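Read the structure below first, then the notes.
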Amino acid sequence: MKFSEVIGQEEAVQHLLQLAEENRIPHAMLFCGPQGCGKMALALAFASHLLNDSPMLKKWEHPDLYFTYPTIKLPGMGADHQPISDDFAKPWHEMLLQGAYFTVNQWMQQMGATSQQAIITAAESDAIAKNLSLKSSQGGYKVSIIWLPERMNLTSANKLLKILEEPPHETVFILVSEEPEHLLETIRSRTQRFDFKKIHNDAIQQALIQQRGLDEDIARRVARVANGNWNKALEELDAGNENRQFLDMFIMLMRLAYMRNIHDLKKWSETISLFGREKQRRMLTYFMRMIRENFMFNFQQPDLNYMTQDEENFSKNFARFINEANVIDITELLERAHHDIGQNANAKIVFFDMALKMIVLLIRK
């Protein structure tokens, strides 16, 4: 993975190269930034640079490069077995070979997950310590890339903390996080944080033209909707993308809540409860974005909105129901539901409760 393959992020690339050139590389780095900005791509490119762009990196099987990522427990695993990254090495490498830009949803599908939540287990932290205790096979750096460290359970996080406090010789940890605020404060304090900005629309537009063969007008519209998120730009090119389903569920929720149709709201909640928890959380994140977009739509300033044509068509009639009196409370309602689902609360209860409260909030003026 070359830095030239990273979309945009020129300032970040130069900063990382300067650290390497001046031999000021922190032993533990925390890569943060909005979804789809290329944090993992930067981590892979920096790891490649530290490992001298070895030919072994073409298949991401370098002996001095270690990957840690959230995993699930498959039905065939023993009752006492805690899944670790090595259990899913094949699907992980297959996904990496498809590209450095991917989402949790893609990884869950790659693993064959259904309704489970992916986590990083305590056994994984033990595996990290064991792997990094070995000497570098090539005589240089050892690099440990930890994707989504916030998904560590408490035992795993505390074990990682001990490793970061006494890091192995010439080992560089790169933690790639979507939600760094969920990491232990003690882990955050032992890493140097790098906050990357979302990708500039022009960079996404050019990448769509060069990599996907889009004409300039279509690439410009897709780049604007993506709003700095390369993963979202790719989703927009997929006619059957998940957000279209989420839009249908959002429209149904709002219409049923407006009509105070409690019977069908209960059916809606039961349908959503059949989604896996990861998908439920993604849907709620999408709902929060739609609330924001509809509120901003009322200002009639096109530059403030980032919606697809289908989303905009619905918002033309719906936006007036999202106003100063209810926008904050609706957002907080969705945030609470997102949190509760993440804590394994009963999905039917969470979504039906949310739907009933939405009735009251929608009529507030």
Side-chain angles (χ1 to χ4, degrees), residues 34-35 104-105 115 117 178-179 181-182 225 227 229 232 235 241-365:
Q35 291 186 3
V104 174
N105 182 35
S115 61
Q117 291 197 79
E178 295 285 357
E179 299 173 302
E181 65 277 7
H182 292 162
V225 171
N227 190 25
N229 184 336
K232 189 175 180 184
E235 286 177 2
N241 77 70
E242 188 177 64
N243 281 355
R244 283 179 171 78
Q245 181 186 20
F246 290 165
L247 175 60
D248 290 340
M249 302 310 293
F250 180 79
I251 292 173
M252 190 182 302
L253 170 64
M254 296 306 165
R255 285 177 175 168
L256 292 175
Y258 178 74
M259 294 186 293
R260 307 181 192 184
N261 188 334
I262 295 176
H263 179 266
D264 285 350
L265 280 174
K266 186 173 185 293
K267 285 186 177 180
W268 179 91
S269 304
E270 291 170 349
T271 299
I272 300 300
S273 70
L274 298 176
F275 293 177
R277 289 189 178 273
E278 295 287 353
K279 185 172 182 178
Q280 290 167 354
R281 295 178 75 197
R282 291 195 302 275
M283 185 191 72
L284 289 166
T285 299
Y286 175 85
F287 283 10
M288 285 184 268
R289 183 178 73 81
M290 285 301 295
I291 293 299
R292 180 265 177 201
E293 295 296 340
N294 278 270
F295 180 66
M296 300 306 294
F297 192 86
N298 292 311
F299 293 95
Q300 299 182 359
Q301 297 288 331
D303 288 345
L304 298 177
N305 277 115
Y306 301 89
M307 291 190 284
T308 65
Q309 192 62 59
D310 289 341
E311 291 169 348
E312 189 173 317
N313 289 341
F314 174 67
S315 297
K316 288 176 182 177
N317 294 318
F318 174 70
R320 59 195 174 95
F321 294 100
I322 307 299
N323 51 62
E324 293 89 343
N326 63 13
V327 63
I328 293 176
D329 287 339
I330 290 177
T331 300
E332 289 179 347
L333 176 64
L334 294 170
E335 286 176 344
R336 282 197 301 274
H338 186 277
H339 174 268
D340 291 343
I341 291 298
Q343 296 297 311
N344 291 320
N346 185 297
K348 286 184 182 180
I349 295 174
V350 170
F351 284 106
F352 190 44
D353 177 70
M354 182 193 78
L356 293 177
K357 290 176 179 175
M358 194 68 72
I359 295 174
V360 178
L361 294 174
L362 267 188
I363 61 176
R364 185 184 293 175
K365 298 180 180 179

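Predicted model only: the values in this text are computed from it and were never measured. Values below: every heavy atom of this structure, side chains too, minus hydrogens, waters and symmetry copies.
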How long is the gap from [atom1] on [X] to [atom2] on [Y], to the nearest 0.5 Å?
X	Y	atom1	atom2	value
Arg255	Trp268	CZ	CH2	14.5 Å
Met252	Leu265	CE	CG	10.5 Å
Asn294	Glu312	CG	CD	10.5 Å
Tyr258	Leu253	OH	CG	15.0 Å
Phe275	Gln245	CZ	CD	4.0 Å
Glu332	Asn326	CD	CG	12.0 Å

(request) Take Ile291 and Phe287 through the side-chain contact (heavy atoms from CB on, under 4.5 Å) test and state the conclusion after the steps. (result) CA-CA 6 Å; Ile291 293 299; Phe287 283 10; 5.5 Å; no
(message) What I want to find out is whether Asp248 reaches Arg244 closely enough, with some N-O distance under 4.0 Å, to be called a salt bridge.
(response) no
(request) Please report the C-alpha distance between Arg292 and Met296 in whole Å, then the side-chain angles of each, then the deciding distance to 0.1 Å, and finally whether the side-chain contact (heavy atoms from CB on, under 4.5 Å) criterion is met. (result) CA-CA 6 Å; Arg292 180 265 177 201; Met296 300 306 294; 3.6 Å; yes
(message) Using side-chain contact (heavy atoms from CB on, under 4.5 Å), reason through Val104 and Glu178 one step at a time and then give a plain yes or no.
(response) CA-CA 10 Å; Val104 174; Glu178 295 285 357; 5.6 Å; no
Mark yes when over 12 heavy atoms from residues, nucleotides or ligands other than [X] sit less than 6.0 Å from its [atom1]; otherwise mark no.
X	atom1	value
Gln35	CD	no
Ile328	CD1	no
Glu181	CD	yes
Phe299	CZ	yes
Arg364	CZ	yes

Closest approach of [X] and [Y], non-hydrogen atoms and distance?
X	Y	value
Gln280	Ala347	NE2-CB, 3.7 Å
Met288	Thr331	SD-O, 4.3 Å
Ser315	Met307	OG-SD, 3.4 Å
Val350	Ala345	CG2-CB, 3.7 Å
Val225	Lys232	O-NZ, 3.4 Å
Ile322	Asn298	O-ND2, 2.8 Å

(message) Suppose we screen for side chain to side chain contact (heavy atoms under 4.5 Å, CB included). Which residues come up paired with Leu356, at least two apart in sequence or across chains?
(response) Ile262, Phe352, Ile359
Got [X] and [Y] here, is their nearest side-chain heavy-atom distance under 4.5 Å?
X	Y	result
Leu334	Met354	yes
Leu247	Met290	yes
Met283	Glu242	no
Glu270	Lys266	yes

(request) Tell me yes or no: between the side chains of Tyr286 and Glu311, is some donor less than 3.5 Å from an acceptor? (result) yes
(message) Checking Asp340 against Arg336 for the salt bridge (charged side-chain N to carboxylate O under 4.0 Å, His left out) test, could you report, in this order, the C-alpha distance in whole Å, the side-chain angles of both residues, the deciding distance, and whether it holds?
(response) CA-CA 6 Å; Asp340 291 343; Arg336 282 197 301 274; over 6 Å; no
(message) Would you call the rings of Phe318 and Phe250 parallel, tilted or perpendicular, taking 30° and 60° as the class edges?
(response) perpendicular
(request) Apply the test side-chain hydrogen bond (donor to acceptor under 3.5 Å, both in side chains) to residues Glu235 and Asn229: give CA-CA distance (whole Å), side-chain angles for both, the deciding distance (0.1 Å), then the verdict. (result) CA-CA 10 Å; Glu235 286 177 2; Asn229 184 336; over 6 Å; no
(message) Is there a side-chain contact (heavy atoms from CB on, under 4.5 Å) between His338 and Thr285? Walk through the geometry before answering.
(response) CA-CA 8 Å; His338 186 277; Thr285 299; 3.5 Å; yes
